[in-house]
Amino acid sequence: MTNDARNAWQLGYVLMMLPVFIGMVLALTDPPTWLQITGVVVILVLVFVGSRLMFRKRGGWRPSDTLPPQ
């Protein structure tokens with residue numbers, strides 16, 4: 001894996017989108033309690049890891065840096 005900040009940001013963005021679908025599956029079905037607890041823990045882990053990947057370090061890359069000048 002390269003040190004390109006855009007790759008980390010994109011991976012973080014994908015990880016932040018996954019909890020929506022996991023939560024929707026948990027809400028629309030009636031899984032057992034142990035699966036609900038596991039799903040909530042997975043959601044928390046995905047949000048934490050995704051937010052850490054999207055966190056911009058001082059002087060780092062921003063998504064707006066790749067936009068064309070206006």
Side-chain angles (χ1 to χ4, degrees):
M1 186 171 202
T2 65
N3 288 335
D4 189 6
R6 290 175 289 193
N7 292 337
W9 195 90
Q10 290 170 349
L11 179 61
Y13 183 79
V14 169
L15 290 178
M16 292 290 285
M17 293 301 292
L18 290 176
V20 173
F21 299 105
I22 295 171
M24 188 170 30
V25 168
L26 290 175
L28 296 177
T29 62
D30 191 20
T33 304
W34 66 269
L35 189 58
Q36 291 176 3
I37 293 170
T38 304
V40 169
V41 170
V42 168
I43 288 172
L44 292 174
V45 168
L46 286 174
V47 168
F48 176 76
V49 172
S51 66
R52 293 304 299 164
L53 286 171
M54 291 178 74
F55 181 74
R56 185 175 71 90
K57 293 164 185 63
R58 186 175 185 98
W61 173 82
R62 297 182 197 174
S64 60
D65 288 346
T66 57
L67 294 175
Q70 295 180 353

Quick check: is [Y] connected to [X] through a chain of hydrophobic side chains (ILVMFWY, heavy atoms under 4.5 Å apart)?
| X | Y | result |
| --- | --- | --- |
| Val42 | Val25 | no |
| Val40 | Ile37 | no |
| Leu53 | Val45 | yes |
| Val14 | Ile43 | no |

Exercise. Can you find a pair of side-chain heavy atoms, one from Leu44 and one from Phe48, that are under 4.5 Å apart?
Worked result: no
Exercise. Would a distance-only check, ignoring hydrogens and angles, find a side-chain to backbone donor-acceptor pair under 3.5 Å from Gln36 to Leu26?
Worked result: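 No, because the side chain of Gln36 does not come within donor-acceptor range (under 3.5 Å) of the backbone of Leu26.
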Problem set entry | Working for side chain to side chain contact (heavy atoms under 4.5 Å, CB included), residues Leu15 and Leu18 | CA-CA 5 Å; Leu15 290 178; Leu18 290 176; 4.2 Å; yes
Seminar exercise, completed: Under a side-chain separation threshold of 4.5 Å, the hydrophobic residues clustered together with Met24 are Phe21, Leu28
For this session: Heavy atoms only: give me the nearest Gly39-Ile22 pair and the separation to one decimal.
Result: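 The answer is O-CG2, 4.2 Å.
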